[in-house]
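Have a look at the structure below before the remarks.
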Amino acid sequence: MSASTLSAPAALVGSFTPEVFAAHLALLPPSLPTWWVARKRAAYARFASLPMPTRTDEMWRFSSIGTLTLDGFTLAAAAASIPLAPIGIPEAARLVFANGRLVSRELLSTDLVARGVIVDTLQNALVHHDALVREHLLAQPPKLGSPKFAALYEAFLADGAFIYIPRDVQVELPIGVCSHAIGATSAVFPHTLVVLAENARATVIEYFGSDDDTSAQFAAGVNDLYVGHGAQLTYIGKQDWSHRALSIQSNSTVVRRDARVQSLNLHLGARQARHESLSRLGAPGAFSEMLALTVAEAGQEFDQRTLQIHEAPNTKSDLLYKNALRGTARTIFSGLIVVDPDAQKTDAYQSNRNLMLSDEAEACSLPGLEIQANDVRCTHGATSSRIDPEQEFYLQSRGIAKEQADELLTFGFFEEVLARLIDHDLHEALRLLIQTKFKK
Amino acid sequence: MSQLEIKDLHVSIGEKPIVKGLTLTIHSGEVHAIMGPNGTGKSTLSKAIAGHPDYTITSGDVLLDGASILGQEADERARAGIFLAFQYPSEIPGVSIANFLRAAQQARMAEGEELDASAYYKRLYSKMDLLKIDRKFTSRSVNDGFSGGEKKRCEILQMAMLEPKFALMDETDSGLDIDALRIVADGVNTMRGPNLGVLLITHYQRLLDHIVPDHVHVMYDGRIVKSGDKSLALELEAKGYDWIKKELAASAA
């Protein structure tokens with residue numbers, strides 16, 4: 001029995017029927033460029049014809065396929081914003097979206113506006129900065145196994161954040177983008193497009209959250225990060241969707257000559273969260289540091305797939321993904337370093353470390369290399385370990401009870417990632433955030 | 001005035017008996033040294049008293065001020081006033097010395113009571129000054145990448161902050177050059193006084209030149225076989241452990 005004989009359209013599109021798509025298109029502002037609407041239509045057609053991932057699909061190895069559902073969701077109407085726990089550091093600007101619509105914003109200073117910095121909605125940018133958006137929006141083809149979800153995403157993406165930092169401009173404070181899903185069965189499609197021109201510098205912090213921790217929501221999000229010649233970007237993503245949400249998140253980072261990106265994704269929420277992250281080191285001197293921290297609790301599954309593509313000589317990538325697993329949590333890490341034939345003197349590192357805090361938790365690791373150049377330094381590795389009983393005894397011998405000792409050791413495990421952050425205030429704020437979350 | 005009584009203590013690791021009936025009482029203000037060849041059970045004794053879960057006490061008792069501590073977890077024993085200075089302190093990546101000691105202090109406070117952070121740092125810095133430790137030390141991860149000397153100094157700093165009733169110092173001199181040894185010994189001597197009892201475990205006389213003990217015990221095959229004052233350590237240094245073995249063989253014959 002082949003998949004095609006089974007796949008009546010209803011099974012392939014779930015809640016995202018042609019009628020729902022038509023209603024979605026009807027709500028878009030008429031001013032949007034035709035190329036974009038045409039792309040969305042084409043994407044919907046692809047979505048409706050592509051099969052769901054299957055158990056035999058290498059890109060979905062170890063993933064829970066049966067719980068990947070497209071049914072039971074609604075494209076929610078406009079909703080008010082919900083109060084957001086502040087991260088405790090001042091921001092240069094902030095956009096807040098609820099169910100994909102802008103609900104509030106804090107504007108850039110007039111000085112930054114005068115220097116050409118743009119922090120606006122994607123819809124406005126599509127109208128006013130057509131060429132720039134067209135060049136970068138969803139420009140990287142999905143390579144990590146979600147063509148189906150990528151097509152769904154492109155079809156239903158309504159609005160998001162557009163951040164542009166012109167040449168030689170440095171924005172000292174972080175730019176915040178918040179995306180909320182509101183409603184018991186809402187489907188949301190957040191987007192953040194960041195373009196840094198030559199020698200620009202910025203920090204972007206994204207927050208994903210739900211109105212209620214019992215909402216069975218669907219969140220498909222993408223961020224496109226383009227870091228031009230000599231530019232420096234720090235990206236923080238904090239995923240804290242409802243513990244009953246299904247999340248499919250994808251990142252693509254394009255790093256140009258002598259540019260540097262440091263990204264840190266905190267994975268806290270969702271019942272099942274797939275996160276795909278791709279870094280393209282496209283020109284000599286490019287450097288991408290890819291960091292992630294996951295607190296996986298009872299019943300949660302975090303499925304992380306990464307790709308470090310070295311396309312030019314003297315490029316560097318450094319990946320460190322750490323997962324702390326409690327209860328019956330599952331994590332999957334599958335990472336691949338690809339070095340093209342021309343990319344001599346590549347320096348690539350990939351490490352996945354799992355801290356098993358329960359006997360029922362499960363961590364799967366699939367590190368990989370695909371090297372076609374001969375003068376490179378590439379290392380990868382994966383470890384899973386429990387709390388070290390000697391370290392535990394050492395802390396206990398100082399009067400610290402076992403439970404607190406294990407917590408301290410876990411925070412120490414996180415700290416190795418957090419300490420990589422160049423920005424001291426960010427480091428402090430994120431440490432507090434993750435420790436609070438862990439204690440809850 | 002406190003006392004630590006070790007009564008006919010037997011300790012096994014797995015099925016293997018290591019400590020075989022050791023009796024010793026230490027009072028506040030006293031420094032006892034236990035010397036002995038490698039493999040005689042000195043480290044096992046200190047870890048068993050501190051409550052390491054791998055060491056099984058098969059018989060005997062350990063009493064702190066008359067109450068047995070054997071039913072207590074390692075952290076309860078520590079809060080009751082036992083401190084183990086490790087021969088090989090664990091490295092704890094990602095946990096700064098400041099946060100670690102703060103957690104240890106917080107653990108000694110009543111539930112709901114918060115440590116006064118500024119008073120804590122003031123006290124920490126004054127102890128560091130006393131032990132001639134650079135203040136930058138506090139932001140480093142506990143023992144992570146430390147030299148042998150730094151690890152031992154870190155142990156002494158912890159001891160100074162936690163102010164135990166009894167300190168069990170396991171081969172504190174191992175891996176130290178003479179300068180580091182002097183700094184560590186100075187630290188212990190600074191803390192020495194009527195409120196602290198010390199059990200110094202060492203293989204060599206060298207440490208006892210710097211921390212002069214009130215009592216010296218020789219341990220062999222899991223028991224104390226000879227006790228005396230500081231001159232016993234010198235005699236042992238001159239004659240070697242074979243002297244003890246021969247004496248034991250002679251008395252057994």
Side-chain angles (χ1 to χ4, degrees), chain A residues 264 266 291-295 320-324 351 353-355 357 381 383 385-421 424-425 427-436 438-439, chain B residues 46-55 72-109 111 139-144 151 154-155 157-165 167-168 170:
Chain A
L264 168 59
L266 296 176
L291 307 170
L293 274 184
T294 305
V295 179
L320 177 60
Y321 275 34
K322 284 191 158 193
N323 303 319
S351 172
R353 294 186 60 198
N354 301 300
L355 179 62
L357 297 168
T383 58
S385 54
R386 293 161 195 277
I387 293 279
D388 177 351
E390 289 305 318
Q391 292 181 339
E392 190 181 60
F393 175 66
Y394 188 73
L395 298 191
Q396 281 191 272
S397 78
R398 300 307 181 239
I400 300 166
K402 189 170 179 296
E403 201 176 303
Q404 275 78 47
D406 291 357
E407 191 178 275
L408 263 182
L409 291 171
T410 306
F411 292 166
F413 174 81
F414 293 149
E415 190 60 24
E416 195 194 342
V417 172
L418 296 172
R420 294 272 197 103
L421 289 172
H424 176 76
D425 293 342
H427 178 188
E428 293 290 321
L430 292 177
R431 177 163 57 196
L432 189 66
L433 189 150
I434 200 154
Q435 291 190 356
T436 308
F438 189 81
K439 283 179 182 175
Chain B
S46 65
K47 285 201 169 152
I49 296 171
H52 194 293
D54 289 353
Y55 298 77
Q72 297 180 339
E73 293 289 320
D75 54 291
E76 296 174 83
R77 298 184 197 190
R79 293 195 298 272
I82 304 288
F83 181 90
L84 173 61
F86 285 67
Q87 181 178 7
Y88 303 111
S90 285
E91 300 193 4
I92 317 284
V95 179
S96 72
I97 289 176
N99 281 343
F100 169 54
L101 277 170
R102 203 171 157 164
Q105 296 281 349
Q106 182 68 50
R108 284 163 171 76
M109 302 182 70
E111 197 151 339
S139 60
R140 291 176 67 184
S141 293
V142 178
N143 299 325
D144 190 17
K151 283 184 182 171
C154 185
E155 295 291 287
L157 173 64
Q158 293 170 43
M159 182 173 150
M161 283 298 284
L162 300 177
E163 295 180 340
K165 289 177 183 163
L168 318 170
D170 187 9

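Predicted, not measured: the structure shown is a model, and the values here were computed from it. Residue numbers start from 1 in every chain, and the chains themselves are labelled A, B, ... in the order their sequence lines are given, proteins ahead of strands.
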- Task: Among residues two or more places apart or on two chains, list those pairs meeting salt bridge (charged side-chain N to carboxylate O under 4.0 Å, His left out) that have a residue in residues 86-104 of chain B.
- Result: B/E91-B/K151
- Query: In terms of the angle between their ring planes, are A/F438 and A/F411 parallel, tilted or perpendicular, with boundaries placed at 30° and 60°?
  - Reply: perpendicular
- Flag this pair as yes if the NZ/CZ of A/K322 is under 6.0 angstrom from the six-membered ring centre of A/F414 and inside a 45 degree cone about the axis; otherwise no. no
Per-residue contact mode, [X] against chain A (heavy atom under 4.5 angstrom):
X	result
B/D144	neither
B/P164	neither
B/R77	neither
B/L84	both

- Message: Less than 4.5 Å to any heavy atom of chain B: does that hold for the side chain of A/A419, its backbone, both, or neither?
- Response: neither
- Message: If I measure from the heavy atoms of chain B, does A/Q404 come under 4.5 Å with its side chain, its backbone, both, or neither?
- Response: neither
- How far apart are the closest heavy atoms of B/Y55 and B/K47, and which atoms are they? OH-CD, 3.5 Å
- Message: Donor-acceptor pair, distance only, cut-off 3.5 Å: does the side chain of A/R398 make one with the backbone of A/Y394?
- Response: no
- Expected output: side-chain A/Q391 to main-chain B/S90 donor-acceptor under 3.5 Å: no
- Most heavy-atom pairs under 4.5 angstrom with chain B, which of A/L409, A/D388, A/L395? A/L395
